[in-house]
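Lettering of chains follows the sequences in order, A, B, ..., and the numbering in each one begins at 1. This structure is a prediction, so every number in the text was calculated from the model and none was measured.
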Amino acid sequence: MQLPFFTDSDVVNIARSLVGNFVFSSVGGSLTGGMITETEAYCGERDLAMQKHLLRRPSSVTTLKKKGGIAYIYTVYGYHSMFNIVTNEVGYTDSVLIRAISPTVGLDIMQERRGSNIAVRNLCSGPAKLSQALGLTPALNGEPVVNNNTIWIESNAEFNAAESIISAPRIGIDYAKEDKKDDKGKPRPARDDTSLPWRFTLKQGV
DNA sequence: ATAAAGATCATT
DNA sequence: ATGATCTTTATG
């Protein structure tokens with residue numbers, strides 16, 4: 001399927017369009033990669049999840065404000081790397097989190113990096129898992145994902161698109177809402193972005 | 001110096 | 001459902 005332009009302004013559409021395409025890495029001389037099966041969109045202008053994320057991690061702003069098409073990689077829970085692709089033009093803080101891939105290349109390398117006794121279907125079935133399997137760490141933050149031979153996206157010409165992609169609420173962002181009362185204790189309209197359907201997955205068994 | 005909270009994972 | 005694990009940020 002066709003690759004999106006990472007400078008496009010609609011991060012939700014980019015997140016959807018990435019599903020079914022390939023991501024590869026060549027880190028430490030080892031080629032690894034697979035088909036993207038799950039993504040999530042985060043939008044600086046319309047999304048409490050991203051807005052609160054930025055408040056908690058001011059140092060991320062620099063990378064996220066750059067022109068779309070580079071990696072944004074940060075650590076959560078102490079040792080899990082999250083691999084995102086920055087989108088939109090300079091000055092916007094939009095990105096797509098790659099949450100899962102179906103591994104196709106370099107399975108042996110991935111096994112090594114992830115530790116033995118891991119079933120293949122569990123190699124890259126989560127955002128921290130695929131980052132580890134592909135060797136992506138915050139050291140590669142800011143690395144381009146187009147015209148690059150370290151991390152890159154390739155389109156999947158074979159993939160027949162739309163109807164096998166499902167949208168759903170995003171994972172692990174319970175904080176992406178406001179209290180129903182303002183700071184004086186008066187009720188206000190609740191703002192809640194936790195259920196935006198900005199998570200895209202490939203339908204099982206296709 | 002201490003506290004609190006994560007865009008998670010593996011196991012029970 | 002729960003514990004592991006530790007960086008980042010805020011506060012005193």
Checklist entry - What's the CZ-C1' distance between A:Arg99 and B:dC9, to the nearest Å? => result 12 Å
Next on the checklist: Counting neighbours of CD on A:Gln2 that are heavy atoms of other residues, nucleotides or ligands and sit closer than 6.0 Å, is the number greater than 12?
Outcome noted: no
Next on the checklist: Using a 4.0 Å heavy-atom cut-off, does A:Arg170 contact any base of the nucleic acid, only the sugar-phosphate backbone, or nothing at all?
Outcome noted: nothing
Item to check | Rounded distance (Å) that lies between atom P of C:dG3 and atom OH of A:Tyr77 | outcome: 15 Å
Next on the checklist: In this structure, how many angstroms lie between the C1' atom of B:dA7 and the CZ atom of A:Arg199, rounded?
Outcome noted: 12 Å
Checklist entry - Over how many whole Å does the gap from A:Leu54 atom CG to B:dG6 atom P extend? => result 15 Å
Item to check | Face-to-face contact A:Tyr175 to B:dG6 six-ring, under 5.5 Å, under 30° | outcome: no
Next on the checklist: Strictly below 4.0 Å, N to O, side chains only: are A:Glu38 and A:Arg199 in salt-bridge contact?
Outcome noted: yes
Checklist entry - B:dA10 C1' sits how many Å from A:Asn122 CG, rounded? => result 10 Å
Checklist entry - Base, sugar-phosphate, or nothing: which does A:Leu97 touch, judged by heavy atoms less than 4.0 Å apart? => result base
Item to check | Matching residue for A:His53 among A:Tyr74, A:Tyr175, A:Tyr42 - test: ring pair (Phe, Tyr, Trp, His ring centres under 6.0 Å) | outcome: A:Tyr74
Checklist entry - Between A:Arg114 and B:dA10, is there a side-chain N or O to OP1/OP2 distance below 4.0 Å? => result yes
Item to check | Distance in angstrom units between A:Lys52 NZ and B:dA4 P, rounded | outcome: 18 Å
Item to check | Partner nucleotide, any strand, of B:dA7 [Watson-Crick/G-U, under 3.5 Å] | outcome: none
Checklist entry - From C:dA4, B:dT8, B:dA10, pick the nucleotide closest to the side chain of A:Tyr79? => result C:dA4
Item to check | For atom CD of A:Glu38 and atom P of B:dA7, their distance in whole Å | outcome: 16 Å
Checklist entry - How is A:Asn84 classified with respect to the nucleic acid when contacts are heavy atoms under 4.0 Å: base, sugar-phosphate, or nothing? => result base
Checklist entry - Parallel, tilted or perpendicular for A:Tyr77 and A:His80, by the 30°/60° rule? => result perpendicular
Next on the checklist: Return the pairing partner of C:dT5 with a 3.5 Å limit on both distances, Watson-Crick or G-U wobble; otherwise return none.
Outcome noted: none
Checklist entry - Does OP1 or OP2 of B:dA7 have a side-chain N or O of A:Arg56 closer than 4.0 Å? => result yes
Checklist outcome for this item: When rounded to whole Å, the CG to C1' distance for the pair A:Leu55 and B:dA5 reads 14 Å
Next on the checklist: Nearest to the side chain of A:Ile118, heavy atoms from C-beta on, is which of B:dA10, B:dC9, B:dA5?
Outcome noted: B:dA10
Checklist entry - Do the side-chain N or O atoms of A:Ser81 get closer than 4.0 angstrom to the phosphate oxygens (OP1, OP2) of B:dA7? => result no
Next on the checklist: Whether A:Arg170 and A:Asp47 form a salt bridge (side-chain N of Lys/Arg under 4.0 Å from carboxylate O of Asp/Glu) is what I want to check.
Outcome noted: yes
